[in-house]
Amino acid sequence: MLFQKESAGYDKTDKHIGKKIRRLKGDKKVRSKRYKKTYEFKDEKYSPELIRKYEDPEYAKAAEKYERQARRKQTGRSKKRHAASEVTAPTGKGKRSARSTKKKKYRLNKKKLFRNILALVLLLAVFGSGFFFYLTRNFDKVDTSNADFAIDDQVADDLSGYRNIAILGSDARADEGYDGSRTDAIIIMSIKKSSGDIRLISVMRDSYLKMEYFDGNMVLDKVTHAHHYAGGMNTIASLNRSLDLNIKEFVIFNWKAVADAVDCLGGIKVDVKANEINDMNKWGNETAVNVGGTYNQITETGKQTLDGVQATTYCRIRKTSGGDEGRSRRYKKIMAAVMKKAMLQPWKLNELSETVFPNIRTNMSQFKMYTAAINAPRYSFGKSISWPKAYWAGYLGEISYVVPQTLESNVQRLHRLAFGQKNYSVSATCRQISQEIIDDTGVY
């Protein structure tokens, strides 16, 4: 008997398979159709070893073919199930996101890209910061940490949204120090912190204000002398006290620094008027001696590129070119042009640091300079302001002065135009100084 009942290994499936094998052996018609034979066994639980045990080469060959087909089908179903599992769950709008594998991979790439960009930005920031501090090491630094800036408490509160910096042009020659020099030009750079808007406020050098004298006593005199008496700190204290300002920082440079800066930047474009040419050609050679260089004559009016000596001469002239007010206006024009061009040529910073910065004195810390530099891209220059607007110009004794008419009304106008303070009420100190000027000069 083909199959015998044994204590182990025998079951109905084995018996059933055996019967089918015997039937196949006797059926020539089925034996000629190998695929059909295999097909008949497709739902049975069989063992290839059991079939091969009975040495049916023809059937074994068909079984092997069937197994290969079954494996291929099984592999195909597995792939389909895998692809279906990759389809994402329905979104909020009921749509499915296809090719989620790609999207997942793309998201990972985005994260990597973001990390790389962030790392690059941080690296550039660190490098840029270090380079900036390296450049600014060359300034002539003055420590005023314990100085009295003469800022009124109410003024400090009112102007807390503005950073006001005094820019002072000294008449010191190229081979002279700043101590004892006078300030030919006085500009207040007022920066609105919230917007980056800048207004340049020019103060006439002969303005009659209150300041500290050599011996520490307070006197009324032209503001250009404040630096001569007690340096840049005395100048900004005089401006704060008389004009109700909150200046804590100053930058002082001589005319050589102006000439060197303009030359370093490749010159600046200026619209030269007819009444300015004569004065420039008259005093240009003297400027060249002061700053060290050669003056090239101006031959025509209109917009043209001025070199360092020409630009410095343009700042200094005043006799027949609008007087002190005209000089302040030209000085603001040159300063604005230099700052704008420097922002557009950052590669010139190292040359500026080596040739110009040593001739600039300041009490600004490197950190304060850094905060100003990182905000530079959002700075925009608004309309400039000249101070005082109403004044009397003439001689008191044998010295020429510009006496504001009155100090109080001119300060009110300044705060309205520069800081948007309508109906501004001046401080008690400003009001007192205004009355002292009236009593001393008789000008009101």
Side-chain angles (χ1 to χ4, degrees), residues 126-151 162-191 193 198 200 211-212 214 223-240 245-262 264-265 291-292 312 331 335 338-339 342-343 346 348-376 379:
V126 171
F127 174 78
S129 299
F131 185 58
F132 179 86
F133 282 96
Y134 171 78
L135 294 176
T136 54
R137 78 196 189 283
N138 290 323
F139 283 104
D140 179 8
K141 296 292 184 62
V142 176
D143 183 15
T144 58
S145 56
N146 297 318
D148 179 13
F149 296 93
I151 301 173
Y162 292 86
R163 181 179 182 180
N164 292 314
I165 304 170
I167 302 174
L168 311 174
S170 168
D171 64 0
R173 292 174 178 264
D175 57 347
E176 296 176 345
Y178 287 112
D179 296 337
S181 65
R182 293 168 176 78
T183 48
D184 274 351
I186 301 171
I187 303 289
I188 301 165
M189 185 168 69
S190 181
I191 307 171
K193 296 177 183 177
I198 295 178
L200 297 179
M211 66 203 67
E212 183 180 324
F214 288 121
V223 70
T224 185
H225 289 165
H227 188 269
H228 176 66
Y229 296 148
M233 190 63 237
N234 194 30
T235 301
I236 66 172
S238 177
L239 295 170
N240 288 336
L245 296 175
N246 64 339
I247 306 170
K248 289 186 177 181
E249 301 163 296
F250 64 81
V251 177
I252 308 171
F253 50 85
N254 55 23
W255 295 117
K256 176 174 174 51
V258 176
D260 290 344
V262 172
C264 179
L265 296 172
V291 303
T312 303
Y331 187 79
M335 288 305 305
V338 168
M339 286 189 283
M343 291 178 189
K348 292 285 189 179
L349 288 176
N350 189 51
E351 186 178 348
L352 285 169
S353 175
E354 297 293 337
T355 61
V356 180
F357 291 177
N359 292 318
I360 298 177
R361 174 175 290 182
T362 182
N363 70 333
M364 293 175 66
S365 67
Q366 285 183 294
F367 178 75
K368 287 289 188 180
M369 293 180 192
Y370 182 69
T371 59
I374 61 177
N375 283 299
Y379 288 160

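- Of all the heavy atoms in S170 and I252, the pair that sits closest is CB-CG2, 4.1 Å.
- Across all their heavy atoms, A147 and M233 have their closest contact at CB-SD, 3.6 Å.
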**OP:** Applying side-chain contact (heavy atoms from CB on, under 4.5 Å), run through I186 and L239 and close with a yes or a no.
**Re:** CA-CA 10 Å; I186 301 171; L239 295 170; 4.0 Å; yes
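- Distance alone, capped at 3.5 Å, places no donor-acceptor pair between the H227 side chain and the T235 backbone.
- By the salt bridge (charged side-chain N to carboxylate O under 4.0 Å, His left out) test, R182 pairs with no residue at all, sequence neighbours left out.
- Applying the side chain to side chain contact (heavy atoms under 4.5 Å, CB included) test to A342 and every residue at least two apart in sequence or in another chain returns L265.
- When the ring-ring contact (aromatic ring centres under 6.0 Å, His included) test is applied to Y162, the partners found at least two apart in sequence or on another chain are F419.
- Every residue two or more places apart in sequence or in another chain was checked for a salt bridge (charged side-chain N to carboxylate O under 4.0 Å, His left out) with E212, and none qualifies.
- A distance of 10.5 Å separates CE of M339 from OH of Y379, quoted to the nearest 0.5 Å.
- Under the ring-ring contact (aromatic ring centres under 6.0 Å, His included) criterion, F367 pairs with no residue at all, not counting sequence neighbours.
- Of the listed residues (K248, E249, K141), just one forms a side-chain contact (heavy atoms from CB on, under 4.5 Å) with M364, and that residue is E249.
- Taking OG1 of T136 as the reference point, atom CE of M369 lies at 6.0 Å (rounded to 0.5 Å).
- Under the 4.5 Å side-chain criterion, counting only non-hydrogen atoms from C-beta, F214 is in contact with H228.
- Listed by chain and number, the residues in a side chain to side chain contact (heavy atoms under 4.5 Å, CB included) with A257 are F253, N254, V356, N359, I360 (sequence neighbours excluded).
- Listed by first and then second residue, the salt bridge (charged side-chain N to carboxylate O under 4.0 Å, His left out) pairs involving residues 349-369 are R137-E354, D140-R361, D179-R361 (not counting sequence neighbours).
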Original post:
Can I188 and I167 be said to form a side-chain contact (heavy atoms from CB on, under 4.5 Å), step by step?
Top reply: CA-CA 6 Å; I188 301 165; I167 302 174; over 6 Å; no
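- Between the side chain of N240 and the main chain of I247, a donor-acceptor pair closer than 3.5 Å is present.
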**OP:** Give the C-alpha distance, both sets of side-chain angles, the deciding distance and a yes or no for side-chain contact (heavy atoms from CB on, under 4.5 Å) between Y229 and H225.
**Re:** CA-CA 6 Å; Y229 296 148; H225 289 165; 3.8 Å; yes
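- Residues that satisfy the salt bridge (charged side-chain N to carboxylate O under 4.0 Å, His left out) test with D184, not counting sequence neighbours, are R205.
- Judged as a side chain to side chain contact (heavy atoms under 4.5 Å, CB included), and not counting sequence neighbours, the contacts of A259 are V291, T312.
- How far OG of S353 is from CG of N138: 3.5 Å, rounded to the nearest 0.5 Å.
- No side-chain donor from either of S190 and R163 sits under 3.5 Å from a side-chain acceptor of the other.
- Scanning for side chain to side chain donor-acceptor pair (under 3.5 Å) contacts around D143 gives S145, with sequence neighbours left out.
- From L200, atom CG reaches atom CD1 of I165 across 10.5 Å, with rounding to the nearest 0.5 Å.
- Scanning all heavy atoms of the two residues, the minimum distance from I236 to A166 falls at CG2-CB, 3.5 Å.
- Applying the side chain to side chain donor-acceptor pair (under 3.5 Å) rule to N246 yields the partners N164; only residues at least two apart in sequence or on another chain are considered.
- In this view, F357 and F139 satisfy the ring-ring contact (aromatic ring centres under 6.0 Å, His included) rule, not counting sequence neighbours.
- Side-chain atoms of T224 come within 3.5 Å of backbone atoms of T183 as a donor-acceptor pair (strictly under, hydrogens ignored).
- Among all heavy-atom pairs drawn from Y331 and L168, the shortest one is OH-C, 4.2 Å.
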